[in-house]
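So that the names make sense, note that chain A is the first sequence line, chain B the second, and so on, each numbered from 1.
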2 protein chains.
Amino acid sequence: MSKMKKLENKRQTGCPVTFGLDTFGDKWTLLIIREMMLKGMKTYSDFLAADEGISTNILADRLKHLENEGVIEKARDPENGRSFTYSLTEKGYDLAPILLEIVTWSGKHDHGPNARTSVLKKIQNDREGYEAKLRSGKPG
Amino acid sequence: MSKMKKLENKRQTGCPVTFGLDTFGDKWTLLIIREMMLKGMKTYSDFLAADEGISTNILADRLKHLENEGVIEKARDPENGRSFTYSLTEKGYDLAPILLEIVTWSGKHDHGPNARTSVLKKIQNDREGYEAKLRSGKPG
DNA sequence: AAAGTTAACTTGTGTTTTGCAAGTTGTATT
DNA sequence: AATACAACTTGCAAAACACAAGTTAACTTT
């Protein structure tokens, strides 16, 4: 019954902020979403190889959680029989505006030497078009 | 030196998503921001009394973190000599769009019986005006 | 002015979550 | 049949967290 922890823990306060954070308000969770939406990553090993170095048990837990929440879907990889692909549902793509606002905020406030701005520029250049592109399954 | 943990931990990947999450990507952190921006709460005991029940040591840690990051400011309460007030900086108010997108997402996807929609309605009715109101220090 | 009260923390302790390494299971390839 | 790859699972030590209790400083009451 340990796999149900997260769901049992769902706080039913009715507050939309709480509701959102209970679904994706975890650092690793949003990084997985970023990998999928912005970088086009699809598989377990893709996510494991991300810059930040998520550990394998946590990754498995978060993927299961996101699947339970209906944010992502798991399917067999048609091109590789021993692989699975994870993809965003509409509920998952609906997180795009949040991700883009985070990028925008960081673009304004990260004054570090190696802050990357490629995504920011796309947002500033044509936000609606960029979001539509992401929703169509094309990473950016 | 343990109080510097969070800052030392800052991952310098250059990724804007990572940068944002390292600043506010913690469930409690955004709930504190919500209390301030949406509910007008200002003091330590205000935050402690929030619905979700943050524990006192975690609250102290997050407030210090947010202060170090320049998201909030601490000052003596002019109306109560034994109290302090926490307020949002511009950097803090710049989180408004993220908060509003979270509320919007939850408004679409929370089908629970007691989902609250008062803030959502304000966003849908006049988003710019509502955000401007929040930035002026008036909660909503 | 001594005693109580409020506000903001800090400290201690037990529990939970996380990170890391290693092991397992189910395909495919050789 | 043996090897390798992909996706996990398991075990254990370390870190983060929750909860209760204690501390310090600024008022208030008696």
Side chain of [X] - closest among [options]:
{"X": "B:T56", "options": "C:dA8, D:dC8, C:dT10", "value": "C:dT10"}
{"X": "B:R62", "options": "D:dC17, C:dT18, D:dA4", "value": "D:dC17"}
{"X": "A:N57", "options": "C:dG19, D:dA18, D:dC8", "value": "C:dG19"}
{"X": "B:A60", "options": "C:dT10, C:dG26, C:dG19", "value": "C:dT10"}
{"X": "A:I58", "options": "C:dT10, D:dA4, C:dT18", "value": "C:dT18"}
{"X": "A:S55", "options": "D:dA6, C:dC20, C:dA7", "value": "C:dC20"}
{"X": "B:T43", "options": "C:dT10, C:dA8, D:dA4", "value": "C:dA8"}
{"X": "B:Y44", "options": "D:dA6, C:dT27, C:dA8", "value": "C:dA8"}

Separation of [X] atom [atom1] from [N] atom [atom2], in whole Å?
{"X": "A:R76", "N": "C:dG26", "atom1": "CZ", "atom2": "P", "result": "11 Å"}
{"X": "B:D77", "N": "D:dA26", "atom1": "CG", "atom2": "P", "result": "14 Å"}
{"X": "B:D61", "N": "D:dC19", "atom1": "CG", "atom2": "P", "result": "16 Å"}
{"X": "B:L66", "N": "C:dC9", "atom1": "CG", "atom2": "P", "result": "13 Å"}
{"X": "B:E67", "N": "C:dA8", "atom1": "CD", "atom2": "P", "result": "14 Å"}
{"X": "B:E52", "N": "D:dC17", "atom1": "CD", "atom2": "P", "result": "16 Å"}
{"X": "A:L48", "N": "D:dC8", "atom1": "CG", "atom2": "C1'", "result": "10 Å"}
{"X": "A:F47", "N": "D:dA7", "atom1": "CZ", "atom2": "P", "result": "9 Å"}

Looking at [X], does any N or O in its side chain come under 4.0 Å of the phosphate oxygens OP1/OP2 on [N]?
{"X": "A:W28", "N": "C:dT17", "result": "no"}
{"X": "B:R82", "N": "D:dT28", "result": "no"}
{"X": "B:K42", "N": "C:dA8", "result": "no"}

Checklist entry - Around atom NZ of B:K138, are there more than 12 heavy atoms of other residues, nucleotides or ligands at under 6.0 Å? => result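 Atom NZ in B:K138 is not packed in, count stays at 12 or less.
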Next on the checklist: Within the 4.0 Å heavy-atom criterion, would you say A:Y86 contacts the bases, only the backbone, or no part of the nucleic acid?
Outcome noted: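 Sugar-phosphate contact only - A:Y86 comes under 4.0 Å of backbone atoms but never of a base.
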Item to check | Step-by-step salt bridge (Lys or Arg N to Asp or Glu O under 4.0 Å) determination, B:E79 to B:K42 | outcome: CA-CA 12 Å; B:E79 295 171 2; B:K42 294 178 191 316; over 6 Å; no
Checklist entry - Got a donor-acceptor contact below 3.5 angstrom from the B:R116 side chain to the A:P16 backbone? => result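 Judged by distance alone, no pair lies under 3.5 Å.
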Next on the checklist: Whether the side chain of A:T89 engages the backbone of A:K91 through a donor-acceptor N/O pair (distance < 3.5 Å, no angle test) should be reported.
Outcome noted: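 Indeed, once roles are kept as given, a pair shorter than 3.5 Å links the two residues.
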Next on the checklist: Assuming nearest nucleotide by heavy-atom distance, tell me which of B:L63 and A:N80 is located more 5' along DNA chain C.
Outcome noted: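 With B:L63 and A:N80 compared, the 5'-side residue is B:L63.
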Next on the checklist: Parallel, tilted or perpendicular, judged at 30° and 60°: which one describes the rings of B:Y86 and B:F47?
Outcome noted: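 Because their plane-to-plane angle lies in the 30° to 60° range, the rings of B:Y86 and B:F47 count as tilted.
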Item to check | Distance-only donor-acceptor test (3.5 Å): side chain A:S83, base C:dT27 | outcome: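 Check fails, no donor-acceptor contact within cut-off.
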Item to check | Full working for salt bridge (Lys or Arg N to Asp or Glu O under 4.0 Å) between A:R82 and A:D77 | outcome: CA-CA 8 Å; A:R82 55 192 164 188; A:D77 187 338; over 6 Å; no
